[in-house]
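Below, each value reflects all heavy atoms present in this structure, side chains not excepted, and no hydrogens, waters or symmetry copies. Letters go in sequence order (proteins before strands), and every chain restarts at 1.
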2 protein chains.
Amino acid sequence: MEVEGIVEAAGDNASKKAGENEEVGSMVAANGISAVMPGWFSEISPMWPGEAHSLKVEKVLFQGKSDYQNVMVFQSSTYGKVLILDGVIQCTERDECAYQEMITHLPLCSIPNPKKVLVIGGGDGGVLREVSRYSSVEKIDICEIDKMVIDVAKEFFPKMAVGYEDPRVNVHVGDGVAFLKNVPEGTYDAVIVDSSDPIGPAQELFEKPFFESVAKALRPGGVVCTQAESIWLHMHIIEDIVSACRQVFKGSVNYAWTSVPTYPSGVIGFMVCSTRGPTVDFQHPVYRVEEDEQSNKSLGPLKFYNSEIHSAAFCLPSFAKRAIGSKTN
Amino acid sequence: MEVEGIVEAAGDNASKKAGENEEVGSMVAANGISAVMPGWFSEISPMWPGEAHSLKVEKVLFQGKSDYQNVMVFQSSTYGKVLILDGVIQCTERDECAYQEMITHLPLCSIPNPKKVLVIGGGDGGVLREVSRYSSVEKIDICEIDKMVIDVAKEFFPKMAVGYEDPRVNVHVGDGVAFLKNVPEGTYDAVIVDSSDPIGPAQELFEKPFFESVAKALRPGGVVCTQAESIWLHMHIIEDIVSACRQVFKGSVNYAWTSVPTYPSGVIGFMVCSTRGPTVDFQHPVYRVEEDEQSNKSLGPLKFYNSEIHSAAFCLPSFAKRAIGSKTN
């Protein structure tokens, strides 16, 4: 019965999003239930038509509907616990390390001694966990729109939610766009935007006015890292993001990518930018967080990130270089 | 009807392979048909239990059973034509560039002026296409065990099978292991092993006696590149391959990886090794094939490979470095 619940949740979501892609909608709705494998969760979305990644479900642990989205947690048979928002995999215990470590350390290892960091989204706490590795950091603000995500992370994902235990963390539940409007100019050394896809509550986080608020909240030479989709699936979205960032961020504008098996096409990208001010050379990190003994002692060693993979993340396949390479600084 | 054919082909294969993993077998056999989404091809295997990648099928173009395996080609809705062997995706028109270009140019750009190249497996012709970009190459031998794969590629995948049109290509249909036994010592500058997974006909291609034959067939300082699974899924297999290669290849032994969306976990790895002789520094390519104007004129520019992504491919996540990093030279 629980598994059927999943099927409906995924189908419901896919139907809602299927405006742009009727085929997905009709496939899901054809026989009244979603066309997924019994006992499996299948990720179906018009964001990646014609393909689906499925994970075998051992047990559904949580299902709820917040003011913003459907929230689900299940125990998978081979990827540990999985967090789903609106039918889309956000993270699994098995591969969350790649995403959380890269989105955090790409910006923070690129500047010396970050002190004030803002996380937008990131309710699961994984980015907070990674930010807390820096002894230079004095203040970590997080603005997550959906309290249910925070509560669910604390209950089911203690290894990510451990980030909330750092006394430097201040939690703000609310809209990131509104939060930024009240931030005094030049407040942060780094802003990390850990958002879901640009359909649904996160849509504004991929648009120019939002990037302008981020730029204003950053000190001169401050850095931002924001989730920026897959070069295999969403080159047009990425081109738009790059174009908006080039207009807004007057320091450096770069695209990086990494492997996350449970994300569509198996990769995820990041926009990594800096504001006008001290030069930031993102491809050559200035700090080796993986050698921080104090951090390794309390949180354990990094699983994915290291300085070499930091630099490698900025090397793009030729098709992506041709599309966006000339647009980055 | 055609789509049901697919379901059976995949299910049949999954059942055959399920010896190590009864859950997969029982799931597939439970109701007599495979537990896949109607109208979709689902890749289910004990090699990656608990997850499945599915592609929407527009039309089945070919189904056959050769002496070695089940061969299927279908038109997918968003990945172009897809080649399936024994229920496992071998390549799709949309992302074959990543695999074919990396497995070929990682070894060939690492040595000056390769003249004689052997391809083992690679019946689809994509590796031949990439080898043919090198004007220094005088002779390209290919030994593919399954003639049906060659015929199917020539009929349905003209953009890969174009590799067979190069007059330097000599096709040998037969067992790669047997073929190598008759190769005079020191014949080749490079050997590329484009095999399927180590279950089924390709099993021997992952074992030490095979690597010894390859080493013998290579000139001093010659290079080999062989498909070597996913660091996310098969670290134990990779550790064994690395260990065997270290015993056999006395020059340099390296592991590289790249993104291929339709492969399990979205990545594939390569063992890239050299024999004793002139030093080969694989991380710093000596030739920039992407700048070969003659090759670009006839085959079009490379889609994926470039020198930067060549070097980046050798940068491993920390968990993989800890498992195999110390074992490479």
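A donor-acceptor pair is defined here as one N or O able to donate and one able to accept, closer than 3.5 Å; no such pair exists between the side chain of A:Ser265 and the backbone of B:Pro261. Within the 3.5 Å criterion, the main-chain N or O of A:Pro49 finds a donor-acceptor partner in the side chain of B:Thr78.
Within the 4.5 Å cutoff, side-chain heavy atoms of B:His53 are placed close to those of A:Glu51. At a threshold of 4.5 Å between non-hydrogen side-chain atoms, the residues A:Trp257 and B:Ser259 count as touching.
The most heavy-atom pairs under 4.5 Å with chain B, out of A:Cys315, A:Pro301, A:Pro264, A:Gly266, come from A:Cys315.
The two residues A:Gly50 and B:Ser77 make their nearest non-hydrogen contact at CA-OG, 3.4 Å. Residues A:Arg322 and B:Lys303 approach most closely at NH2-CA, 3.6 Å, considering heavy atoms. Across all their heavy atoms, B:Asn306 and A:Pro317 have their closest contact at ND2-C, 3.8 Å.
No part of B:Ser76 comes within reach of chain A, as not one of its non-hydrogen atoms sits under 4.5 angstrom from that chain. With a 4.5 angstrom heavy-atom cutoff, B:Leu316 touches chain A only via backbone atoms. At a 4.5 Å heavy-atom cutoff, the contact between B:Tyr79 and chain A is made by side-chain atoms alone. With a 4.5 Å cut-off on non-hydrogen atoms, A:Trp48 does not touch chain B at all.
Classified by interplanar angle (parallel below 30°, tilted 30° to 60°, perpendicular above 60°), the ring pair B:Phe304/A:Trp232 is parallel.
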